[in-house]
Visitor: 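Just dropping this structure here.
We count ligands from 1, going down the list as the structure has it; atoms in each ligand are counted the same way.
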Amino acid sequence: MRLDPLRETLLLTLHAKALDSQSPHPILGDVHSARIAAEIDYDFARLKVKPSLVCGTALRAKKLDDAVRAFVSAHPDAVVVDLGCGLDPRALRCDPPDGVDWYDVDFPDVVALRSQFLPSQCIGADLTSSGWVASLPRDRPAMIVAEGVLPFLPGDTFQRMVQGLTAHFGAGELALNGYTRFAAWSMKYHPTIKAIGITAAQGFDDAHEPEKWRAGLTLAEEQLLTRAPEVACFPQPLRGVTRVMGWSAALSRQGTRVLRYRF
Ligand SMILES: C[S@@+](CC[C@H](N)C(=O)[O-])C[C@H]1O[C@@H](n2cnc3c(N)ncnc32)[C@H](O)[C@@H]1O
């Protein structure tokens, strides 16, 4: 399978989730990702994925799933929008109530690829454009989830996309995994990201910064994942290093954090 670097990142998260599900102590335990990865003709070894990436990806996905599950349980008529969904089977993991409408959004060719592996309601669109938002239902509470997407949208396009979505829906939540500016800058030196060829990424330091995006967001929660109980499932020496990082909030923010906003 051949994808450009931006799209190829979806194979990285898929592979990490598949490896987690095959580990002795899975964090996410996503057997669907393992099945899809096994069906894809791609040399996953070239991604040189390390335990830190496997555990970090599985843990952030689990926390984002938890946010989605809590929202749809409180709002069984919700609309869920998974931005930059790649081949992530989040709807299968979350198993929302029947009244929920779920939309997976990614580039049109990614959505076409996705349809070969997953039965899902997709919108094929470039997230940096705006017209696609109009095809979503409105006047219903919305759960917007963006996993592994923020760094790859250039300039202020992530903010503008969020502005368009919150104006469209009026009420709901946005959940994403945050990257500090340093974490985003240093991504290009990560062996896996280097192997893919990504050269630039975006982030923000202060979890309150999105409150200034004029998208009506209020920070509801910042979870520093170095402090999550699931760190107990990390293999050594990663577990020990992560726990030491957890002593410092500033250091923990350079790792994975999951952010939840209300609008
Ligand atoms: C790191 S992958 C994450 C995939 C998935 N969310 C997951 O966690 O497994 C980033 C995804 O964002 C998508 N993406 C990046 N920029 C995009 C854009 N401008 N429009 C639509 N999708 C985009 C890529 O195609 C890819 O599927």
Visitor: Any side-chain to backbone donor/acceptor pair from Q121 onto W102? Under 3.5 Å, distance only.
Guide: yes
Visitor: Do other residues, nucleotides or ligands put more than 12 heavy atoms under 6.0 Å from the CZ atom of R214?
Guide: no
Visitor: Mind checking whether L6 has a heavy atom under 4.0 Å from ligand 1?
Guide: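 L6 counts as a contact of ligand 1 under the 4.0 Å cut-off.
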Visitor: Check the pair D104, S120 against side chain to side chain donor-acceptor pair (under 3.5 Å), reporting the backbone distance first and the verdict last.
Guide: CA-CA 7 Å; D104 290 305; S120 71; 3.3 Å; yes
Visitor: Judged by atom type as modelled, is there a donor-acceptor pair below 3.5 Å linking the side chain of D205 to the main-chain atoms of R181?
Guide: yes
Visitor: Got the closest protein heavy atom to atom 2 (S) of ligand 1, with its distance?
Guide: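 Checking every protein heavy atom, the shortest distance to atom 2 (S) of ligand 1 gives T9 OG1, 3.3 Å.
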Visitor: For ligand 1, is there an atom lying under 4.0 Å from some heavy atom of S33?
Guide: no
Visitor: Is ligand 1 under 4.0 Å from a heavy atom in the side chain of L153, in the backbone, in both, or in neither?
Guide: side chain
Visitor: Among protein heavy atoms, which lies nearest atom 23 (C) of ligand 1, and at what distance?
Guide: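 Among all protein heavy atoms, the one nearest atom 23 (C) of ligand 1 is F107 CE1, 3.4 Å.
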Visitor: Which residue and non-hydrogen atom of the protein lie closest to atom 20 (N) of ligand 1, and at what distance in Å?
Guide: L127 N, 2.8 Å
Visitor: Would you call the rings of H15 and F44 parallel, tilted or perpendicular if under 30° counts as parallel and over 60° as perpendicular?
Guide: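 Ring orientation of H15 relative to F44: parallel.
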Visitor: Are a donor atom and an acceptor atom from the side chains of Y42 and E8 found within less than 3.5 Å of each other?
Guide: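 Yes, a side-chain donor-acceptor pair sits under 3.5 Å.
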Visitor: Please determine if R7 has a nitrogen or oxygen closer than 3.5 Å to a nitrogen or oxygen of ligand 1.
Guide: no
Visitor: Taking S248 for the side chain and M245 for the main chain, is one N or O donor matched with an acceptor at less than 3.5 Å?
Guide: no
Visitor: Can any side-chain N or O of T157 pair as donor or acceptor with the backbone N or O of P154 at less than 3.5 Å?
Guide: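 At least one qualifying donor-acceptor pair exists.
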Visitor: Under a 4.0 Å heavy-atom limit, does C85 contact ligand 1 with its side chain, its backbone, both, or neither?
Guide: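 For C85, only backbone atoms sit under 4.0 Å from ligand 1.
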Visitor: Give the numbers and elements of all ligand 1 atoms closer than 4.0 Å to a heavy atom of L10.
Guide: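 Every atom of ligand 1 under 4.0 Å from some heavy atom of L10: 2 (S), 27 (O).
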Visitor: Is any N or O atom of D88, backbone or side chain, closer than 3.5 Å to an N or O atom of ligand 1?
Guide: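 N/O-N/O distance below 3.5 Å does not exist for this pair.
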Visitor: If we set the cut-off at 4.0 Å for heavy atoms, which region of A125 has an atom near ligand 1: side chain, backbone, both, or neither?
Guide: backbone
Visitor: For S252 and T226, does a side-chain donor sit closer than 3.5 Å to a side-chain acceptor?
Guide: yes
Visitor: So, applying side-chain contact (heavy atoms from CB on, under 4.5 Å) with D20, which one of C55, P26, C233, P51 is it?
Guide: P26
Visitor: List the closest protein heavy-atom neighbour of atom 9 (O) of ligand 1: residue, atom name, distance to the nearest 0.1 Å.
Guide: T13 OG1, 2.8 Å
Visitor: Could you list which atoms of ligand 1 come closer than 4.0 Å to a heavy atom of G86?
Guide: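 So the answer, numbered in order with elements, is 27 (O).
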Visitor: Hey, is R90 one of the residues with a heavy atom under 4.0 angstrom from ligand 1?
Guide: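 No, R90 has no heavy atom closer than 4.0 Å to ligand 1.
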Visitor: What is the nearest protein non-hydrogen atom to atom 12 (O) of ligand 1, stated with its residue, atom name and distance?
Guide: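 Here the nearest protein heavy atom works out to G84 CA, 3.7 Å.
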Visitor: Are any of the N/O atoms in R60 less than 3.5 Å from those in ligand 1?
Guide: no
Visitor: Taking only residues two or more places apart in sequence or in another chain, which ones pass salt bridge (charged side-chain N to carboxylate O under 4.0 Å, His left out) with R260?
Guide: E173, E221
Visitor: Looking only at protein heavy atoms, which one is nearest to atom 3 (C) of ligand 1, and what is the separation?
Guide: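 Checked against all protein heavy atoms, atom 3 (C) of ligand 1 sits closest to E147 O, 3.6 Å.
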Visitor: What protein heavy atom sits nearest atom 27 (O) of ligand 1, and how far away is it?
Guide: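 Answer for atom 27 (O) of ligand 1: D106 OD2, 2.6 Å.
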Visitor: Quick one: nearest non-hydrogen protein atom to atom 19 (N) of ligand 1, plus distance?
Guide: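 Here the closest protein heavy atom is D126 OD1, 2.9 Å.
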Visitor: One pair to check against ring-ring contact (aromatic ring centres under 6.0 Å, His included): Y103 and W132. What are the steps and the verdict?
Guide: CA-CA 11 Å; Y103 294 85; W132 63 273; 9.6 Å; no
